[in-house]
2 protein chains.
Amino acid sequence: MYQPTVTEENYLKAIYHLSNTGTKSVNTSSIATSMETTAASVTDMLRKLSDKEWINYEKYKGVKITRKGEKVALGIIRKHRLWEVFLTNILEFEWDEVHNMAEELEHVSSEELIKRLDKFLGHPKFDPHGDPIPDQTGKMESHDKFNLSAGEAGEKYIITGVTDHSTLFLKHLRKYGLLPGVTVSIAEIMDYDKSMLVKVSKDKFHLSLEVSKNILIKKYVSSK
Amino acid sequence: MYQPTVTEENYLKAIYHLSNTGTKSVNTSSIATSMETTAASVTDMLRKLSDKEWINYEKYKGVKITRKGEKVALGIIRKHRLWEVFLTNILEFEWDEVHNMAEELEHVSSEELIKRLDKFLGHPKFDPHGDPIPDQTGKMESHDKFNLSAGEAGEKYIITGVTDHSTLFLKHLRKYGLLPGVTVSIAEIMDYDKSMLVKVSKDKFHLSLEVSKNILIKKYVSSK
DNA sequence: TTATAAGTTTAGACAAATCTAAAAATAGTA
DNA sequence: TACTATTTTTAGATTTGTCTAAACTTATAA
């Protein structure tokens, strides 16, 4: 119906993420924080997004994304994650370097371009951070991830993703070789601060709760 | 010094092209035509570009691009042409399909991205339309092109580019296999309308002056 | 339950890029 | 040269996305 502007696309993406990630309701101030702007600006934009039927919005009552809005958001997320795969796999950037470039590339409008990029990359299912890539209809895989901080001593896990996508955090993980696909065994969990001693291939090291909380894992299954 | 906006980048690109292409001076109305906007809007923008020292501008006296402005323009042109190579060589688009996508991709800001893209593509010297790609310092090859309409009967030439970049024209040329690199012999030039009978591999066909005027060629050299 | 705090919206303003209509400057021509 | 036509600029508005400060609503807690 309407063609969203770049700003509208970014708001819808933020609202989509807030709807699915946090447990709190999607309110004006949480959007303001995630968009790094003021509550007043958000209110203005919510009216516009509501007029275009991408969200349901009632004053003082918070926001719910509509089917239409979700479709826009998933389209942008698809583009973002495909470009991230391109940047790491083809142009050989590190996983902590690609986010800002993908933030720009995701707004390039051609659907045909993204279709061909997807094909060229071999229809990847996950981006370099382990996040699933929606297909053209918006569907995506979602394996039952949980936090490394909820893992048990003596168990073996595979890293599937992260919840903190900041460059600082990703760089930190890269230093330890903690990338999606890597196997981690928990040797010990400290009672005092919930920090853990982990083993990755032949290295052993300490992870704070702050770090383990932001790493997503699945159970290690030996065969296949 | 200043970071140009997308609009400023597009104005500088247009002014650069007008400075180098046409013989007429770069005046307000020619910029307005090429930017598909009004003379009033152009005047406003010229003041801004002048404030930022990308052009020298005197009221009613027309415009001259500065070194700084030329550097900005060449950076955009470099990005545009590298993305065009990517779209045709890697994503297998036709040469008449890539322009609009490249118009968006050229404004993605990362210098490192374009450096790696250039490397990935094998440091190409020309884009799919035969236009030279500036290097990081703004230098580019410029072989002595001339118009096919200035060619002589009985002579053999190699297509090096086009002067009309419209989809309509490029599609027309593609139908005849008239692409950069292809060899063309002029069999006959009609006195009446300056149309020409040309031979391309085994095909023979007629080209109007309208068409031949927009094809760039160089002399065919048999060895090497 | 009422006072206060927290969160949200409105009002009014601004910068960027654009427009139309009118005024001013330059160019072309008799 | 002087008149007219063309080109360019100015003036005043508009749209998008933003801001601060003030007003308003909802939540919290004595």
Side-chain angles (χ1 to χ4, degrees), chain A residues 1-15 18-19 22-65 69 72-73 76 103-104 106-107 109, chain B residues 1-15 18-19 22-65 69 72-73 76 103-104 106-107 109:
Chain A
M1 200 76 84
Y2 296 99
Q3 190 61 37
T5 66
V6 168
T7 313
E8 286 168 341
E9 287 182 345
N10 284 331
Y11 269 94
L12 287 171
K13 192 174 50 146
I15 292 167
L18 289 168
S19 307
T23 47
K24 310 148 204 155
S25 81
V26 183
N27 52 12
T28 305
S29 52
S30 64
I31 298 168
T33 305
S34 110
M35 293 292 296
E36 296 184 310
T37 184
T38 61
S41 303
V42 173
T43 300
D44 286 346
M45 182 53 81
L46 293 184
R47 201 163 314 105
K48 285 180 205 168
L49 295 177
S50 181
D51 287 349
K52 290 171 180 168
E53 298 183 329
W54 289 317
I55 57 169
N56 288 317
Y57 168 59
E58 270 185 278
K59 287 203 295 187
Y60 298 104
K61 294 281 165 61
V63 160
K64 229 181 154 186
I65 197 161
V72 174
I76 301 302
E103 291 278 297
E104 293 186 59
E106 72 188 10
H107 301 292
S109 62
Chain B
M1 200 74 86
Y2 296 98
Q3 189 61 39
T5 66
V6 168
T7 313
E8 286 169 342
E9 286 182 346
N10 284 330
Y11 269 95
L12 287 171
K13 192 174 51 147
I15 292 166
L18 289 167
S19 307
T23 46
K24 309 148 205 160
S25 81
V26 183
N27 52 13
T28 304
S29 53
S30 64
I31 298 168
T33 304
S34 110
M35 292 292 294
E36 297 185 307
T37 185
T38 61
S41 303
V42 173
T43 301
D44 286 346
M45 182 53 82
L46 293 183
R47 200 164 314 105
K48 287 182 205 168
L49 295 176
S50 181
D51 287 348
K52 292 173 180 165
E53 298 183 329
W54 289 318
I55 57 169
N56 288 317
Y57 167 59
E58 270 184 279
K59 288 203 296 186
Y60 299 102
K61 294 279 165 58
V63 160
K64 230 182 155 181
I65 197 160
V72 174
I76 300 301
E103 290 278 297
E104 294 187 57
E106 71 189 9
H107 301 292
S109 61

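Heavy-atom basis, side chains included; hydrogens, waters and symmetry copies ignored. Numbered from 1 within each chain, the chains take letters A, B, ... in sequence-line order. The structure presented is a predicted model; accordingly, all values stated were derived computationally and were not measured.
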Without decimals, in angstroms, what is the distance between [X] [atom1] and [N] [atom2]?
X: A:Tyr60; N: C:dT9; atom1: OH; atom2: P; answer: 6 Å
X: A:Lys59; N: D:dT26; atom1: NZ; atom2: C1'; answer: 14 Å
X: A:Met35; N: C:dT8; atom1: CE; atom2: C1'; answer: 18 Å
X: A:Asp44; N: C:dG12; atom1: CG; atom2: C1'; answer: 11 Å
X: B:Asn27; N: D:dT7; atom1: CG; atom2: C1'; answer: 8 Å

Pick base, sugar-phosphate or nothing for [X], based on heavy-atom distances below 4.0 Å to the nucleic acid.
X: A:Thr38; value: base
X: B:Thr43; value: base
X: A:Ser29; value: sugar-phosphate
X: B:Thr28; value: sugar-phosphate

Counting only side-chain nitrogens and oxygens, does [X] get under 4.0 Å of the OP1 or OP2 atom of [N]?
X: A:Thr37; N: D:dC19; value: yes
X: A:Tyr57; N: C:dT9; value: yes
X: A:Arg47; N: C:dT10; value: yes

Checklist entry - Side chains of B:Asn10 and B:Thr7: do they bring a donor and an acceptor to under 3.5 Å? => result no

